[in-house]
Amino acid sequence: MKVYFEFIFIVNFLLDFMILYGTKKLLKINKKNIRIFLGSITASFTSFLLFIDVSNIVLLLIKLLLSGIIILVAFGRCNFFNNLFYFYLVSIILGGVIYLFDLNSSYYFNFLILLLSSPIIIFLLVKEFLTYKNTYANKYEVTIIIKNKKYSLEGFIDTGNRLVSPIKKEPVILVNLKLNINNVIYVPFKALNTEGIISCVRPDKVLVGTKEFRNCLIGLAKDKFAVDGVSCILPNKFKEEL
């Protein structure tokens, strides 16, 4: 079957553009799409490797060199190896998923399926990765000490938790605990179409990972938290110090 070089070049360009764009979104790289376009054009020239008769080792070295050039053109020198790693990661995952859909059909039909499925695969990959990153990167082991009693919890930093005491402006850690407390501090709160008062207690200290906090309150939440396995919602203010 005759396959035109122009066709292979265009298909490579489209695939490389989607991979580079997916890498950009995955890593939240602040580069203009014109850089992604130029990187894709550079990557498309790897099509010439199909017509070069060299050993597998030399071919591998050429591809590694070209990959580095592609990353430099698309994203610059900043975080070069990290960008290169995720570029390969997206490429490998995309290639692996597409391999599962090998229809053993005509050459052009397979390329059509490839082009139609690639944006969907990359979109789902980026979406799931960012969800995972936003969820688990903000999880911490939390130890709360109140009157010599220690509570070990799994905490999650919620950027929406900006609850503070009205006078001292102490940030409030929300927990799903049943505590017998005497010196209750009542803190008013406002949420979406909701207002109320939450019962709080002042801890002796709180350890978030290895970081110690004292100037804070523990708020007793009545409802369970939406994040799986989390029994403690840390205030947004803690993010500045962790």
Side-chain angles (χ1 to χ4, degrees), residues 8-52 54-102 110-111 113-141 154 156-157 159 208-211 227-229 239-242:
I8 296 176
F9 187 89
I10 293 172
V11 169
N12 277 348
F13 168 78
L14 293 174
L15 288 175
D16 289 322
F17 183 87
M18 285 185 281
I19 292 171
L20 286 170
Y21 188 79
T23 305
K24 171 187 172 180
K25 289 297 182 181
L26 201 64
L27 299 177
K28 296 183 178 180
I29 300 173
N30 186 24
K31 294 294 182 181
K32 294 181 179 180
N33 287 336
I34 186 62
R35 296 284 299 262
I36 306 301
F37 177 85
L38 293 175
S40 304
I41 289 290
T42 304
S44 298
F45 283 102
T46 57
S47 304
F48 288 108
L49 296 177
L50 295 172
F51 307 97
I52 298 177
V54 293
S55 66
N56 291 333
I57 294 178
V58 173
L59 185 62
L60 176 61
L61 292 175
I62 294 174
K63 286 183 176 180
L64 289 174
L65 176 62
L66 288 174
S67 298
I69 295 173
I70 291 165
I71 295 302
L72 289 173
V73 172
F75 304 129
R77 292 179 295 176
C78 185
N79 298 319
F80 172 79
F81 289 105
N82 187 59
N83 296 340
L84 182 64
F85 171 79
Y86 279 96
F87 172 73
Y88 276 124
L89 180 64
V90 174
S91 302
I92 291 169
I93 293 175
L94 178 63
V97 173
I98 289 173
Y99 178 78
L100 295 176
F101 296 108
D102 186 7
N110 278 343
F111 266 122
I113 296 298
L114 181 67
L115 292 177
L116 292 176
S117 62
S118 295
I120 300 172
I121 294 168
I122 291 177
F123 171 79
L124 293 175
L125 171 64
V126 172
K127 181 176 179 294
E128 288 302 313
F129 180 86
L130 292 179
T131 299
Y132 177 88
K133 184 178 178 180
N134 291 335
T135 300
Y136 293 95
N138 289 325
K139 279 189 174 182
Y140 295 89
E141 294 296 322
E154 185 170 13
F156 176 78
I157 290 186
T159 55
V208 181
T210 57
K211 184 73 176 180
V227 182
D228 291 339
K239 196 168 187 177
E240 302 169 4
E241 302 183 44
L242 291 172

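The model shown is predicted, which means the values in this text are computed figures rather than measured ones.
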Results of ring-ring contact (aromatic ring centres under 6.0 Å, His included) for Tyr86 - residues two or more places apart only: Phe129
To the nearest 0.5 Å, tell me how far [X] [atom1] sits from [Y] [atom2].
X: Ile121; Y: Met18; atom1: CD1; atom2: CE; answer: 9.5 Å
X: Ile29; Y: Arg35; atom1: CD1; atom2: CZ; answer: 10.0 Å
X: Lys25; Y: Ile36; atom1: NZ; atom2: CD1; answer: 10.0 Å
X: Leu94; Y: Leu125; atom1: CG; atom2: CG; answer: 8.5 Å
X: Ile93; Y: Leu89; atom1: CD1; atom2: CG; answer: 4.0 Å
X: Ser118; Y: Ile19; atom1: OG; atom2: CD1; answer: 7.5 Å

Donor-acceptor pairs under 3.5 angstrom involving side-chain atoms of residues 65-84: please list them, not counting sequence neighbours.
| residue | atom | partner | partner atom | Å |
| --- | --- | --- | --- | --- |
| Ser67 | OG | Lys63 | O | 2.8 |
| Ser67 | OG | Tyr88 | OH | 2.7 |
| Asn83 | ND2 | Cys78 | O | 3.0 |
| Asn83 | ND2 | Asn79 | O | 3.2 |

Minimal non-hydrogen separation, Val126 against Gly22, with atom names: CG2-O, 3.6 Å
Inter- and intrachain pairs under side-chain hydrogen bond (donor to acceptor under 3.5 Å, both in side chains), touching residues 14-23, at least two apart: none
Set of side-chain contact (heavy atoms from CB on, under 4.5 Å) partners for Ile57, sequence neighbours left out: Ser55, Leu61
Test side-chain contact (heavy atoms from CB on, under 4.5 Å) applied to Ile41 - qualifying residues, sequence neighbours left out: Phe13, Phe37, Phe45
Side chains of Asn33 and Lys24 in contact at under 4.5 Å (non-hydrogen atoms): yes
